[in-house]
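Have a look at the structure below, then the notes.
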Amino acid sequence: MIVVMHAAAREEEINEVSRRLQKLGYGVHRSTGETCTVLGVIGEYNDSIALTLESMPGVDKVINVSKPFKLVSREFKKEDTVIEFGDIKIGGPDVVVIAGPCAVEGEKELLESARIVKEVGVNILRGGAFKPRTSPYSFQGLEEEGLKYLSRAREETGLLIVTEVMNQYNVPLVAEHADILQVGTRNMQNFYLLRELGRQKKPVLLKRGMSATIEEWLMAAEYILSEGNEKVILCERGIRTFEHYTRNTLDLSAVPIVKYLSHLPVIVDPSHGTGNWRWVPAMARAAIAAGADGLIVEVHPRPQEALSDGPQSLNPERFRQMLEETRQVAMSVGRRLALS
Ligand code: PEP
Ligand code: MN
């Protein structure tokens, strides 16, 4: 249930409604919007309680949210959530680009990638230090050493850092080095991890589970918000279907649907979504046309030498070309690529 306060509601009135709800055993999440304050109420909807609340001073209306996700829903918050790092805004009018190698492979290699992405104006560097690999015999990432290289890359280039965290125990360590913590597709329903991420303050990039419905994905985000962290970026990265020409089937219909259902920013990963660099630029363009707030793309100085996901990584030249093409699509839908 959601309690919408009048635009002119006073602070004491809002607090009084919160107190009443808490006394009744409900959890309350306050969202202060531009026009009015909304209280997200966690617990069963009850008609008579709704009527009582509606009679309280300052209350405009009480809405029964029929969907299982509450705090992530547009019903709870009408305005888009914008995650800000100074001038860089994710979920605002501009389309952000995150780029870098699949994995941190070494200090020298990471710095090389960082310089490549910075040179074309990208502001956010990706790179996994903890890698969730299908095979235990594949390269598993440089772990803590890799995180240190990421921090060094930030110091040298000023780029923001996105990197994956695979379990709840590593959240504090990864948060020391990352600006945005990524939850991979295989961990979308690792509820201990989601809760832990909800208890810290850094933004979370939540990838869609490869077999997750949109509702399950939004419920995973709800776990993070329900613990108090509102800064969640949703990332469509492809789902499993019967099709094998692509590694996954990039579900671009999820973009307008999630934008409709939720206030959270949505970005698209055309690299994992296709599994082949050849299809990445077309899907990047399509993602922006569909309304995505950003892209996360795998870029490697020499994809043929990459320790993971080389076949889907763009080389620097192809990446530059992709940016130019997506820039034009962004303009045609009234947006700009946020490049510096
Ligand atoms: C990645 O971003 O490198 C990654 C492992 O992504 P996903 O979890 O979407 O497979
Ligand atoms: Mn990868």
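Note that ligands are numbered from 1 as they come in the structure, with each ligand's atoms numbered from 1 the same way. Treat the numbers as computed from the prediction; the structure is a model and nothing was measured.
For the 3.5 Å distance criterion, the side chains of His300 and Glu105 qualify, holding a donor opposite an acceptor. Using a 3.5 Å distance cut-off with no hydrogens or angles, the side chains of Thr274 and Asn276 do not pair a donor with an acceptor. In the model, Tyr223 has no side-chain atom that pairs as donor or acceptor with a side-chain atom of Glu227 under 3.5 Å. Between the side chains of Glu298 and His272, at least one donor N or O sits under 3.5 Å from an acceptor N or O.
Other residues sharing a hydrophobic cluster with Ile88 under the 4.5 Å side-chain heavy-atom criterion for ILVMFWY residues are Ile83, Phe85, Ile90, Val96, Ile98, Ile124, Leu160, Val162, Ile180, Leu205, Ile233, Ile267, Ile296.
Distances shorter than 2.8 Å separate the Mn ion (ligand 2) from the protein N/O/S atoms Cys102 SG, His272 NE2, Glu298 OE2, Asp309 OD2.
With sequence neighbours excluded, the residues that form a salt bridge (Lys or Arg N to Asp or Glu O under 4.0 Å) with Arg30 are Glu11.
Taking both residues in full, the closest heavy atoms of Ala153 and Leu125 are given as CB-CD2, 4.0 Å, listed atom of the first, atom of the second, then distance.
Residues Asn46 and Tyr26 have side chains in contact (heavy-atom distance under 4.5 Å, counting atoms from C-beta outward). For the pair Met56 and Val3, the minimum side-chain heavy-atom distance is 4.5 Å or more.
Ligand 1 is surrounded by Cys102, Arg126, Lys131, Glu164, Gln182, Gly184, Thr185, Arg186, Lys207, Arg237, His272, Glu298, each with at least one heavy atom closer than 4.0 Å.
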